[in-house]
Amino acid sequence: MSEVLAEATFPSVIHNTEVCDEIVKWGNKNGFPVKKAKLYNKMDGYVGFSPDNFYIIATRLPPIPGGWKVVVNSYESEQRIIPLNVKKGTTEVNRFILKMMEQYELEGLKMELAQESYESYGTWLLDLKVTGHPVIINAFEDFIENMR
């Protein structure tokens, strides 16, 4: 269940290319720190997620008055286990996947790699526990699936 924690508006002089930076600045200044924001079409706006169970979303206001409506909402974290492919008998994850994991952590996910790999149907896997907003977990899961 989502609860509105704060609301604000940004002026119309802020363009689409600048709104992500403005979300981060505004959030940090007003006690809702996020590290990164980006466009999420599924949420119809620019969103910065926090691992602390809130997100900031900025959506365009109509041409009159113009600008951006900014809302901070709470959310219930979801947790999933995502198996990652590794080299046989190791915990060595693909470097590109590790880089993307860093990016998704900036976007608001918490991630924890298991200590031991295992074999499943001839493939070696390592479990990654991911916690955060379902929309961003789905995006990360899609990325991993496309890497297989």
Side-chain angles (χ1 to χ4, degrees), residues 1-10 14-61 67-148:
M1 185 160 39
S2 181
E3 175 186 346
V4 175
L5 303 174
E7 291 187 29
T9 55
F10 291 164
I14 296 173
H15 299 284
N16 291 1
T17 56
E18 303 166 325
V19 73
C20 293
D21 290 338
E22 291 300 317
I23 289 170
V24 173
K25 286 180 203 171
W26 182 88
N28 290 333
K29 181 180 173 186
N30 291 285
F32 298 103
V34 295
K35 293 180 182 171
K36 184 177 179 181
K38 72 180 199 179
L39 176 63
Y40 277 90
N41 290 323
K42 290 181 180 180
M43 297 182 75
D44 296 322
Y46 294 86
V47 185
F49 292 98
S50 170
D52 297 326
N53 294 353
F54 68 84
Y55 64 92
I56 304 170
I57 183 166
T59 53
R60 273 259 181 228
L61 290 169
W68 299 88
K69 178 181 180 182
V70 179
V71 179
V72 181
N73 288 309
S74 65
Y75 70 88
E76 292 289 323
S77 282
E78 189 172 297
Q79 190 174 78
R80 292 189 207 159
I81 302 293
I82 301 173
L84 303 176
N85 292 3
V86 293
K87 292 182 180 178
K88 182 178 181 178
T90 72
T91 58
E92 191 177 323
V93 177
N94 176 309
R95 286 183 304 183
F96 185 64
I97 290 177
L98 291 173
K99 284 280 189 200
M100 289 307 291
M101 285 171 57
E102 289 175 15
Q103 287 302 306
Y104 276 93
E105 284 179 324
L106 288 176
E107 292 177 28
L109 287 182
K110 290 181 186 174
M111 298 191 194
E112 184 182 327
L113 273 171
Q115 299 298 314
E116 293 185 29
S117 60
Y118 60 94
E119 186 179 9
S120 177
Y121 299 103
T123 303
W124 282 86
L125 303 169
L126 182 67
D127 285 341
L128 175 66
K129 182 168 56 172
V130 181
T131 307
H133 192 282
V135 167
I136 195 169
I137 292 176
N138 289 342
F140 180 71
E141 212 167 22
D142 289 347
F143 163 76
I144 295 297
E145 196 58 39
N146 289 330
M147 289 294 295
R148 293 183 200 269

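Atom set for the values below is all heavy atoms of this structure, side chains included, hydrogens, waters and symmetry mates excluded. Just so you know, residue 1 is the first one in the sequence shown, and it goes up from there.
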Practice item. Go through the steps for E92 and V86 under the test side chain to side chain contact (heavy atoms under 4.5 Å, CB included), then give the verdict. Key: CA-CA 5 Å; E92 191 177 323; V86 293; 5.5 Å; no
Exercise for review: Could you give me the CA-CA distance, side-chain angles and deciding distance for V4 and V72, then say whether side chain to side chain contact (heavy atoms under 4.5 Å, CB included) is met?
Suggested key: CA-CA 6 Å; V4 175; V72 181; over 6 Å; no
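Between N41 and L39 there is a side-chain heavy-atom pair separated by less than 4.5 Å. Side-chain contact check for E7 versus V70: every heavy-atom pair is 4.5 Å or farther apart.
Smallest separation of non-hydrogen atoms from M147 and N94: CE-ND2, 4.3 Å. Annotation for I137 and E78: closest pair CD1-O, 3.4 Å, computed over non-hydrogen atoms. Nearest heavy-atom pair, G45 versus T59, reported as atom, atom and distance to 0.1 Å: CA-CG2, 4.1 Å.
In this structure, CG on L84 lies 5.0 Å from CG on L128, to the nearest 0.5 angstrom. Between F54 atom CZ and N73 atom CG the span is 11.0 Å, to the nearest 0.5 Å. For the atom pair E141 CD and N146 CG, the distance stands at 11.5 Å (nearest 0.5 Å). To the nearest 0.5 Å, the span separating CH2 on W26 from CD1 on I56 amounts to 5.5 Å. Annotation: the span from Q103 atom CD to L98 atom CG amounts to 12.5 Å, rounded to 0.5 Å. Taken to the nearest 0.5 Å, the CD atom of E105 stands 10.5 Å off from the CD1 atom of I136.
Note on E112 versus K110: no salt bridge recorded, every NZ/NE/NH1/NH2 to OD/OE distance being 4.0 Å or above. At a threshold of 4.0 Å, the pair K35-E107 does not count as salt-bridged, since none of the basic side-chain nitrogens sits closer than that to a carboxylate oxygen.
In summary, the aromatic rings of Y40 and F49 are positioned with their centroids under 6.0 Å apart.
By the 6.0 Å and 45° rule, K69 does not stack over the aromatic ring of Y46.
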Which side-chain N or O atoms in residues 15-25 pair as donor and acceptor under 3.5 Å with protein atoms at least two apart or in another chain?
| from | atom 1 | to | atom 2 | distance (Å) |
| --- | --- | --- | --- | --- |
| N16 | OD1 | R60 | NH2 | 3.2 |
| E18 | OE1 | H15 | N | 2.9 |

Pairs of donor and acceptor atoms involving the side chains of residues 114-126, under 3.5 Å and at least two apart or interchain, shall be tabulated with distances.
| from | atom 1 | to | atom 2 | distance (Å) |
| --- | --- | --- | --- | --- |
| S117 | OG | T90 | O | 2.8 |
| Y118 | OH | D127 | OD1 | 2.7 |

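A donor-acceptor contact shorter than 3.5 Å links the side chain of W68 to the backbone of I14.
A donor-acceptor contact closer than 3.5 angstrom is absent between the side chains of S74 and E3. Residues N53 and S77 have side chains that bring a donor and an acceptor to within less than 3.5 angstrom of each other.
The environment of K36 atom NZ is dense: over 12 non-hydrogen atoms of other residues, nucleotides or ligands sit within 6.0 angstrom.
Relative orientation of the H133 and Y55 rings is perpendicular, given thresholds of 30° and 60° on the angle between their planes.
The stretch residues 79-101 participates, sequence neighbours left out, in these ring pair (Phe, Tyr, Trp, His ring centres under 6.0 Å) pairs: F96-F143.
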